[in-house]
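Only a predicted model underlies this, so the values are computations on that prediction, with no experimental measurement involved. Both ligands and their constituent atoms are indexed starting at 1 by order of listing.
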Amino acid sequence: MDMQTSFLDRLFDSGLLIDTGVDGLYGRSGQFEDVISAFERLIDTFGGADGAEAIRFPPGMNRAFFETSGYMKSFPQLAGTVHSFCGNELDHMSLLKCMEVGDDWTKDQQATDIVLTPAACYPLYPTVAKRGAIPENGALYDLQSYCFRHEPSKDPARQQLFRMREYVCMGSEKHVTDFRQSWMDRGVEMMKAVGLDVTIDVANDPFFGRAGKMLANNQRDQNLKFELLIPITSVANPTACMSFNYHQDAFGTKWGLNFADGRVVHTACVGFGLERIALALFHTHGLDTKEWPESVRKALWG
Ligand code: ATP
Ligand code: ZN
Ligand code: MG
């Protein structure tokens, strides 16, 4: 049995995660959720004074916006779409027959107007674009959403439906890169406060295919993505628990995000992987929060 399986099994045995029979799709106990709530309050204490506008989208987004985002160009392997039965009574009969004999009953499902949200910030850009110009001194948003990625795994830190808390900043290049740097500093400080060992490293997204390799190399060379890493299932390969992304003017151009005089805005987003942070805490301090070091409990629960 490898290390990953055993941490997952310990999480199941302790009841912190609940097996659904699908890798990467888990229920969570009250104690697990308490840790996530407490950590989100800690995020609020670090980011709360910045005056971000809080917005919460459901875990599905407008398919048309998803198509415009270009997600299928970059990450077709990760996307999840919502399909439904749209037939008549006759179609229903054949659907039930199909299920009865164990044939594939899903092939006649039709695409709906909803796709699963791949990252908390995706629904934001078209929403903000619709409102009009971005103020000269920039705009800041506070988001949290369940996100879907089709990457089934036995690694409890790689889930298919997980929560991402994000701050998204729009404005000048200097404004959004300062924002990103300040959260890199805050991230290190926050994790230290809860007793986690962290490193920050340059990173890239897993762009699909051969052309994707070039996008990934370009992203690295230009320092567009950093990750805050914490050992969870492996010390040699620590897990990304936060990411810090600078999109230059790519999203501004794509969505028509402009200042009043027409200049395209730059954007950056900072994401917290909430399940990963909770798992890092359980892995580091043990599976029972009552046994966690006093300083950690104090940072989380006051
Ligand atoms: P990884 O390299 O581990 O796949 P990522 O680069 O795909 O991570 P981002 O797209 O930057 O991650 O997402 C923001 C944050 O969401 C990550 O820093 C991580 O904490 C969290 N996250 C990403 N994918 C998952 C997942 N499958 N399960 C749980 N959390 C995730
Ligand atoms: Zn984002
Ligand atoms: Mg990934």
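There is no side-chain donor-acceptor pair under 3.5 Å between Glu227 and Ser243. Of the N and O atoms on the side chains of Gln144 and Glu40, at least one donor lies less than 3.5 Å from an acceptor on the other residue.
Within ligand 1, counting atoms from 1 as listed, the ones closer than 4.0 Å to a heavy atom of Arg149 are 5 (P), 7 (O), 9 (P), 10 (O), 12 (O), 13 (O), 23 (C), 24 (N). Applying the 4.0 Å criterion to heavy atoms of Met242 picks out, from ligand 1, the atoms 18 (O). Remark: ligand 1 atoms within the under-4.0 Å shell around heavy atoms of Gln159 are 26 (C), 27 (N), 28 (N), 29 (C).
Smallest separation of non-hydrogen atoms from Phe259 and Pro135: CE2-O, 3.4 Å.
Note on the Zn ion (ligand 2): protein N, O or S atoms under 2.8 Å away count 3, no waters included.
Regarding atom 1 (P) of ligand 1, its nearest protein heavy-atom neighbour is Arg158 NH2, 3.7 Å. Looking at atom 21 (C) of ligand 1, its nearest protein heavy atom turns out to be Gly273 CA, 3.7 Å.
The shortest separation from a heavy atom of Glu151 to ligand 1 is under 4.0 Å, placing the residue in contact. Within the structure, the closest approach of Ala240 to ligand 1 falls below 4.0 Å when heavy atoms are considered.
Counting heavy atoms only, Phe162 comes closest to atom 25 (C) of ligand 1 of the residues Phe162, Phe272, Phe244, Phe148. Of the listed options Met164, Glu227, Arg276, Met164 places a heavy atom closest to atom 13 (O) of ligand 1.
In this structure, Trp183 has its ring center closer than 6.0 angstrom to the ring center of Tyr167. The ring of Tyr26 has its center closer than 6.0 angstrom to the ring center of Phe12. Aromatic rings from Tyr71 and Phe66 are positioned such that their centres are separated by under 6.0 Å.
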- Query: Does the pair Arg165 and Asp44 meet the rule for a salt bridge (Lys or Arg N to Asp or Glu O under 4.0 Å), with working shown?
  - Reply: CA-CA 11 Å; Arg165 177 78 182 268; Asp44 293 335; 2.7 Å; yes
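With a 4.0 Å cut-off on non-hydrogen atoms, Ser243 touches ligand 1 through its backbone as well as its side chain. Contacts of Lys225 with ligand 1, taken as heavy-atom pairs under 4.0 Å, involve the side chain alone. With a heavy-atom cut-off of 4.0 Å, Ala203 does not touch ligand 1 at all.
In this view, Lys290 satisfies the side chain to side chain donor-acceptor pair (under 3.5 Å) rule with no residue, not counting sequence neighbours. Taking Arg131 as the reference, Glu53 meet the salt bridge (charged side-chain N to carboxylate O under 4.0 Å, His left out) condition, with sequence neighbours excluded.
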Can you give me every donor-acceptor pair (side chain of residues 250-258, partner residue at least two apart or in another chain, under 3.5 Å) with its distance?
unit_1 : atom_1 : unit_2 : atom_2 : d
Thr253 : OG1    : Asp249 : O      : 2.8
Lys254 : NZ     : Ser69  : O      : 3.3

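The closest side-chain heavy-atom distance from Tyr122 to Phe57 is not below 4.5 Å.
Using a cut-off of 4.0 Å between Lys/Arg side-chain N and Asp/Glu carboxylate O, Arg63 and Glu67 are scored as salt-bridged.
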